[in-house]
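One structure is given here, and the rest of the page talks about it.
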Amino acid sequence: MPEIPIRCFAVSVVLLRMVPAGCEVLLLRRNHTLVGEWCQISGAIEEGEKAWEAALREVNEETNLTCERLYSADICEQFYEADRDAISMLPVFVGFVDANAAVVINHEHSEFRWVSFETALGMVPFAGQRHVLRHVEAEFVRREPVRHLLIEAAC
């Protein structure tokens, strides 16, 4: 019986900062794949790397930021890729950064914006992204994150 492969080769990171007006999420406008679309941070897991290590590296490479705290979001972003006839699953991480830290985007992006969750939901193109953002807002902003999801080795 034919099967659709499930690929888990990359990570997704929702980056947050706390400002006087509340919590903001960072979105980046893509330059290469999904040109012009607003997305959260994502990238491939390199050989010998743990997924959380890839998350920290991608945050630094794409934004020049460092996470003060990194959590497993306890959710995966998933989508079907027609060109590969495969389902991709990306573990999602939540990173908190200093509110005053300067974002420096790399060549993969043309611009960035810190926005409210409400605004972010209207900017991202895919239902899966909106699902992840709603989950992160509910579990990491509206309530104290579950301490067991904190990745201690990342701090």
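Each residue takes its place number in the sequence, starting with 1.
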Run the side chain to side chain contact (heavy atoms under 4.5 Å, CB included) test on Ile6 and Ile4 for me, step by step, so that the C-alpha distance in whole Å, both residues' side-chain angles and the decisive distance to 0.1 Å come before the verdict.
CA-CA 7 Å; Ile6 296 175; Ile4 298 174; over 6 Å; no

Close side-chain approach of Phe96 and Leu70, heavy atoms under 4.5 Å
no

So Leu27 and Val124, side chain to side chain contact (heavy atoms under 4.5 Å, CB included) or not? Walk me through it.
CA-CA 8 Å; Leu27 293 182; Val124 296; 4.0 Å; yes

Answer yes or no: is there a side-chain heavy-atom contact under 4.5 Å between Trp52 and Ser72?
no

Separation of Leu65 CG from Arg17 CZ (nearest 0.5 Å):
9.5 Å

Does Phe79 share a hydrophobic cluster with Ile87, counting links as ILVMFWY side-chain heavy atoms below 4.5 Å and allowing steps through other members?
no

What's the verdict on side chain to side chain contact (heavy atoms under 4.5 Å, CB included) for Phe140 and Leu149, showing C-alpha distance, side-chain angles and the deciding distance?
CA-CA 10 Å; Phe140 292 86; Leu149 297 177; 4.0 Å; yes

Are Glu37 and Arg30 ion-paired here, with the side-chain N under 4.0 Å from a carboxylate O?
no

Does any part of the side chain of Ile75, heavy atoms only, come nearer than 4.5 Å to the side chain of His131, both counted from C-beta?
yes

Can you give me the closest heavy-atom contact between Ala154 and Leu56, atom names plus distance?
CB-CD1, 3.7 Å

From Ser116 atom OG to Met123 atom CE, the distance as rounded to the nearest 0.5 Å
9.5 Å

Any chain of hydrophobic side-chain contacts (each under 4.5 Å) joining Val94 to Phe112?
no

Please round to the nearest 0.5 Å and tell me the distance separating atom CG of Leu121 and atom CD of Glu118.
8.0 Å

Please evaluate residues Met89 and Glu77 with respect to the criterion side chain to side chain contact (heavy atoms under 4.5 Å, CB included), reporting the C-alpha separation (whole Å), side-chain torsions for both, the decisive distance (0.1 Å), and the verdict.
CA-CA 6 Å; Met89 295 190 71; Glu77 186 175 343; over 6 Å; no

Taking a hydrophobic cluster as the set of Ile, Leu, Val, Met, Phe, Trp and Tyr residues connected by side-chain heavy atoms closer than 4.5 Å, whether directly or through intermediates, do Val25 and Trp38 fall within one such cluster?
yes

Just so I know, are the side chains of Leu90 and Val11 near enough to count as touching, which here means a heavy-atom distance under 4.5 Å?
no

Nearest heavy atoms of Lys50 and Glu53, plus distance in Å
N-OE1, 2.8 Å

So, His109 side chain and Asn31 main chain: donor-acceptor pair closer than 3.5 Å or not?
no

hydrophobic_cluster_shared for Val141 and Val14, side chain cutoff 4.5 Å:
yes

Side chain to side chain, Ser12 and Pro91, heavy atoms closer than 4.5 Å:
no

Going only through I, L, V, M, F, W and Y residues with side-chain contacts under 4.5 Å, is there a path from Leu15 to Tyr71?
no

Ion pair present between Arg113 and Glu24, side-chain N to carboxylate O less than 4.0 angstrom?
no

Nearest 0.5 Å, please: how far is CZ in Arg69 from CD in Glu152?
12.0 Å

Give a yes or no on whether the backbone of Phe126 and the side-chain of Gln129 come within a donor-acceptor separation of less than 3.5 Å.
yes

Separation between CD of Gln40 and CG of Leu26, rounded to the nearest 0.5 Å
10.0 Å

Look only at the side chain of Arg7 and the backbone of Ala86, and say whether a donor-acceptor pair between them is shorter than 3.5 Å.
no

Please say which of Val59, Asp98, Leu16 ends up in a side chain to side chain contact (heavy atoms under 4.5 Å, CB included) with Cys67.
Val59

Kindly compute the distance separating CD (Glu3) from CG (Asp85), expressed to the nearest 0.5 Å.
11.5 Å

Just by distance, do the side chain of Asn64 and the backbone of Val103 share a donor-acceptor pair under 3.5 Å?
no

Remaining members of the apolar cluster that contains Val19, side-chain heavy atoms under 4.5 Å:
none

Among residues at least two apart in sequence or on other chains, which ones pass salt bridge (Lys or Arg N to Asp or Glu O under 4.0 Å) with Glu49?
Arg57

Is the closest side-chain heavy-atom distance between Leu28 and Glu62 below 4.5 Å?
yes

